[in-house]
Amino acid sequence: MDVRLFKPSLGESELKNVREAFERSWVGFGGQVQRFEEAWSAHLGGANSLALNSGTAALQLAVQAFGFEPGSKVMVPAITFAATAMAAINNRLVPVFVDVDERTASLSVQDMERKYSPDVVAVIPVHYAGHPADMEAIVDFARSKGMKVIEDCAHTPGSRYGDKPLGLWGDFGCFSFEEKKCLTTGDGGMLCATDSDLLERVRPARWLGIDKDVWHRFSKERERKAESGEVPPWYYEVTMPGHKFNMNDLAATIGLAQLERLPAMNRRRSEIVKRYLEGIGNTNGMEPLIPFEPERYTYQIFGLRVDRRDELIAALNRQGISSGVHYMPLGRHPFFREWASPCPVADRIWTSFVTLPLHPDLTDAEVDRVLEAVSLMLVPA
Ligand SMILES: *Cc1c(COP(=O)(O)O)cnc(C)c1O
């Protein structure tokens with residue numbers, strides 16, 4: 001494929017940081033991780049952040065933080081990546097697939113209200129493509145029922161929505177730095193919360209339940225004991241069930257370089273989305289995937305809704321342009337079938353979804369090539 005669907009934008013500044021990590025000979029869990037956490041918290045403003053090795057890990061820890069009764073239910077939108085539902089299942093909870101809003105393809109508040117039962121303990125809205133889910137209504141409803149709100153921010157680099165960034169509307173915001181996302185560390189993720197106590201509750205779980213960080217940084221009494229020699233310097237305790245979910249210095253240092261370039265990368269994404277929208281105009285037989293607002297929000301995904309979706313994908317393919325489908329409703333996957341529930345809107349709209357190339361290094365000429373290929377296919381033969 002000569003026009004890639006997603007491509008990380010990596011350059012000299014990332015390479016320079018990696019070289020410095022090599023020179024320090026420190027590529028594991030170290031000081032760069034903390035630096036990246038602090039920089040990301042400042043980027044969002046008013047956040048506390050825990051750097052992890054994936055967005056999936058962030059979702060998993062967010063759910064774990066509340067210690068829900070096994071078998072309780074967690075609402076997730078029908079149209080999302082598998083990771084959103086796995087966060088519930090891997091915590092021995094039951095996913096409830098909620099239908100999506102016809103226009104934004106994010107969680108439908110109406111269906112959330114319809115499918116609510118007293119054993120629903122949390123909801124994980126996804127800001128699909130980077131467009132905000134209806135957070136006012138979702139948070140209002142969730143609070144009225146005592147539910148926790150975990151935002152899946154994998155498609156957004158923290159665009160502002162109303163008076164705060166996406167990721168700080170709920171109890172936790174979970175970001176992904178996987179290679180296709182708006183900011184990449186290869187693989188990586190960030191768990192964010194305004195409430196620092198909530199974040200501290202899961203901190204040990206990112207590293208096998210070992211509270212070495214906590215030991216030294218958060219307890220004066222323990223720090224005193226360590227310094228006075230009452231406990232030896234090698235001493236640590238496992239205090240809770242945990243995972244190997246920490247970010248490493250190599251990833252974090254790439255993230256620090258990416259974060260500096262993020263405003264420019266976001267601007268380029270918005271320019272490309274605008275160019276696509278202008279190019280599509282009012283062409284019959286297709287419309288934008290969602291109501292894109294590139295002046296306000298950064299998008300990880302651009303796409304269309306077209307009647308002959310699979311034909312378009314084949315035509316693009318023949319011209320070396322890669323495309324995709326985000327996503328087939330979760331209930332249609334063999335593993336998730338047992339939790340399937342009626343999601344008529346998702347079932348109807350996803351068959352028209354096609355994702356087109358979008359990444360900061362995409363050139364105007366490439367965007368025009370994609371637009372031409374799309375319009376050619378739509379002219380009746
Ligand atoms: C990418 C993605 C994730 C998971 O992120 P990873 O960093 O790949 O684990 C979760 N949810 C959605 C919607 C995603 O697109």
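Whatever order the structure lists ligands and atoms in, that order sets their numbers, starting from 1. Residue numbers count from 1 along this sequence.
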Checklist entry - According to the salt bridge (charged side-chain N to carboxylate O under 4.0 Å, His left out) rule, which pairs have a member within residues 17-33, sequence neighbours left out? => result Lys16-Glu20
Checklist entry - Which residue pairs satisfy the salt bridge (charged side-chain N to carboxylate O under 4.0 Å, His left out) criterion with at least one member in residues 283-294, sequence neighbours excluded? => result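 Listed once each, the pairs are Glu293-Arg296.
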Checklist entry - Of all residues at least two apart in sequence or in a different chain, which pass the ring-ring contact (aromatic ring centres under 6.0 Å, His included) check with Phe335? => result Trp339
Item to check | Validation row, ring centre Tyr236 to ring centre Trp207 under 6.0 Å | outcome: no
Item to check | Ring centre gap for Tyr116 and Phe141 strictly below 6.0 Å | outcome: yes
Need the list: ligand 1 N/O atoms against protein N/O atoms, distance under 3.5 Å, rounded to one decimal.
{"from": "ligand 1", "atom 1": "5 (O)", "to": "Ser176", "atom 2": "OG", "distance (Å)": "3.2"}
{"from": "ligand 1", "atom 1": "7 (O)", "to": "Gly55", "atom 2": "N", "distance (Å)": "2.7"}
{"from": "ligand 1", "atom 1": "7 (O)", "to": "Ser176", "atom 2": "OG", "distance (Å)": "2.7"}
{"from": "ligand 1", "atom 1": "9 (O)", "to": "Gly55", "atom 2": "N", "distance (Å)": "3.3"}
{"from": "ligand 1", "atom 1": "9 (O)", "to": "Thr56", "atom 2": "N", "distance (Å)": "2.8"}
{"from": "ligand 1", "atom 1": "9 (O)", "to": "Thr56", "atom 2": "OG1", "distance (Å)": "2.5"}
{"from": "ligand 1", "atom 1": "11 (N)", "to": "Asp152", "atom 2": "OD1", "distance (Å)": "3.3"}
{"from": "ligand 1", "atom 1": "11 (N)", "to": "Asp152", "atom 2": "OD2", "distance (Å)": "2.8"}
{"from": "ligand 1", "atom 1": "15 (O)", "to": "His155", "atom 2": "NE2", "distance (Å)": "2.9"}
{"from": "ligand 1", "atom 1": "15 (O)", "to": "Lys181", "atom 2": "NZ", "distance (Å)": "3.1"}
{"from": "ligand 1", "atom 1": "15 (O)", "to": "Tyr327", "atom 2": "OH", "distance (Å)": "3.2"}

Checklist entry - Any Lys/Arg nitrogen of Asp364 or Arg268 sitting under 4.0 Å from an Asp/Glu carboxylate oxygen of the other? => result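 Answer for the salt bridge query: yes.
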